[in-house]
Amino acid sequence: MLFATVSRGKKTGTRLLPHLFADNRYRVQLGKKGPFIPVSDYREIPSYLANGYSLQMSNRDSSHPPSLIRPQSIQGWSANLQDLFFPTR
């Protein structure tokens, strides 16, 4: 399960999850100005994170809109290719 925690502002400590947009896809992108790539399968997201893509994440329960989160701030995945494709857990 991928998640990030808000570290600044009024909603510090809020848990963010990958944001599912109206087209039933997630969005990753390289930097703030780069075009986004729609990802339809949740299981593909870690491979994008391993390549430096950021992920749009939100928390609908606390009205936190989608924010672009860098891979270093996202927990629940590994940059080790062995862990991505051959999990031992």
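All figures in this text were calculated on a predicted structure; none of them were measured in a lab.
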task: Can you run down the salt bridge (charged side-chain N to carboxylate O under 4.0 Å, His left out) pairs that involve residues 22-39, sequence neighbours left out, and say none if there aren't any?
output: D23-R25
Ignoring hydrogens, what is the shortest heavy-atom contact between [X] and [Y]? Give both atom names and the distance.
| X | Y | result |
| --- | --- | --- |
| S54 | P71 | OG-CD, 4.0 Å |
| S73 | A4 | O-CB, 3.5 Å |
| D61 | N59 | N-OD1, 2.9 Å |
| P18 | L2 | CD-O, 3.5 Å |

- prompt: Quick check: does any side chain N or O of N24 sit under 3.5 Å from a backbone N or O of L20, one acting as donor and the other as acceptor?
  reply: no
field: Under the ring pair (Phe, Tyr, Trp, His ring centres under 6.0 Å) test, residues paired with H19 that sit two or more places apart
entry: F21
- request: Give the intermediate values and the outcome of side-chain contact (heavy atoms from CB on, under 4.5 Å) for residues L55 and I45.
  value: CA-CA 8 Å; L55 175 64; I45 295 173; 3.8 Å; yes
Student check: side-chain heavy atoms of [X] and [Y] closer than 4.5 Å:
| X | Y | value |
| --- | --- | --- |
| L16 | F3 | no |
| L68 | Q29 | yes |
| R60 | L17 | no |
| H64 | S67 | yes |
| Y48 | I37 | yes |

- request: Tell me whether Y42 is reachable from F36 by hopping between hydrophobic residues (I, L, V, M, F, W, Y) whose side-chain heavy atoms are closer than 4.5 Å.
  value: no
- prompt: Can M57 and I74 be said to form a side-chain contact (heavy atoms from CB on, under 4.5 Å), step by step?
  reply: CA-CA 10 Å; M57 301 182 84; I74 300 173; 3.8 Å; yes
